[in-house]
Amino acid sequence: MPNIASSACAKLILLGEHAVVYGQPALAIPFSSQRIKATVEPLIGSPSGLIRIIAPQLGLDTPLEELSEDNLIAQALTLSLEALELTQRPTCVLRIHSSFPFASGLGSSAAITIAIARAISSFVGHPLPVEEVNAIAFKTEQLMHGNPSGIDNTVIAYERPLVFTKGFPVEFVTPGDTFHFIVADTGVKKSTALTVAQLAQHRLEHPQRVDSVILKIGNLVGVGSRALLSGDNVALGLAMTDNQGYLHELGLSSPELDTLINKALEAGSLGAKLTGGGQGGHMIALVNEADISTIQQALLDAGAKTIYTTRLEKA
Ligand code: MEV
């Protein structure tokens, strides 16, 4: 069998994280320059069915059997092999490398699963269709996160901008203009499972207050996705900043995020907010192209650990 290399992109939520768990829509885009790569090579001379996993960033160099059952890579491999209905496991080495940090709002857990499902299925000569890869990643998200909406696996699997609402068909969106973004890392790692669970607890304690904020976030997603479609940078930026206000009210921001978001706005961003699970991880700012270097510098001066730029092209 030949060596196979597959990958999956990171993702950015422009509007609606957390509220999407409670049935509101959310707007997400692929972050295609940042990827998790999975390569599979035959393991010649090893016992049949042995799969060795090498993922230095996760401190792993181990046979599949030695991973605990709840390990994400073990889950991703097991579910992919089940979907392939193989009578015998392939004998191979699976290597995993990420260009972006884990547990920081960019969708690493869904991207790992999708890269693995694509690589192992191609290695055995039966590349799984996108719907199946997406379904496998939703299962691993459930195992890792408890109550995921499904937005991360969906935007990463399809690698297209979309509005996602739990239980409804995905709506792909075509940008009406080019949108430029700066993404900055606070350097603080935070588990999405934890922030989702915290909000669930907060909602139990204050159901009316939390639900009214969740509804307001959902309304902003409507405004923001129309702005994306019509190419209105200013309206999308305003919706992002308003969304940040609501996320802050729900306790999902952090001092590090607030600092970077405020600096980005002071330096001329059209809008800025946290992206993903919050309380750490990354922030995202929508910017005019001419202001990119000024805002990047302001973010670095304010303590951003890594800065990326990305853009959504007019279709
Ligand atoms: C995480 O990227 C997005 C959240 O809304 C969780 C989810 O939708 O599963 C925080």
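Start at 1 and go down the list; that is how both ligands and their atoms are numbered. Atom set for the values below is all heavy atoms of this structure, side chains included, hydrogens, waters and symmetry mates excluded.
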**Request:** Under 4.0 Å from a heavy atom of K11: give me the atoms of ligand 1 that qualify, with their elements.
**Result:** 2 (O)
**Distance filter under 4.0 Å to P148 heavy atoms, resulting ligand 1 atoms** = 9 (O)
**Item:** Contact atoms of ligand 1, heavy-atom distance to I151 under 4.0 Å
**Value:** 8 (O)
**Prompt:** Just which atoms of ligand 1 are under 4.0 Å from any heavy atom in H18?
**Reply:** 4 (C), 5 (O), 10 (C)
**Message:** For T241 versus G271, what's the shortest heavy-atom pair and its separation?
**Reply:** OG1-CA, 3.1 Å
**Prompt:** Going by the atom numbers of ligand 1, which of them fall below 4.0 Å from some non-hydrogen atom of V20?
**Reply:** 5 (O), 8 (O)
**Fill in**
Within 4.0 Å of some non-hydrogen atom of E17, the atoms of ligand 1 are 5 (O)
**Message:** Could you check whether K273 pairs with E17 (Lys NZ or Arg NE/NH1/NH2 to Asp/Glu carboxylate O, under 4.0 Å)?
**Reply:** yes
**Message:** How close do A184 and L299 get, counting heavy atoms only, and between which atoms?
**Reply:** CB-CD1, 4.2 Å
**Complete:** The closest protein heavy-atom partner of atom 9 (O) of ligand 1 is S149 N, 2.8 Å
**V213, V21, L250, V210 screened by side-chain contact (heavy atoms from CB on, under 4.5 Å) with R203, the one that passes** = V210
**Item:** Presence of salt bridge, R160 and E171, under 4.0 angstrom
**Value:** no
**Asked** What part of I13, side chain from CB on, backbone N/CA/C/O, both or neither, has a heavy atom under 4.0 Å from ligand 1?
**Response** side chain
**Minimum-distance pair of heavy atoms, taken over all atoms of A111 and I36** = CB-CD1, 3.9 Å
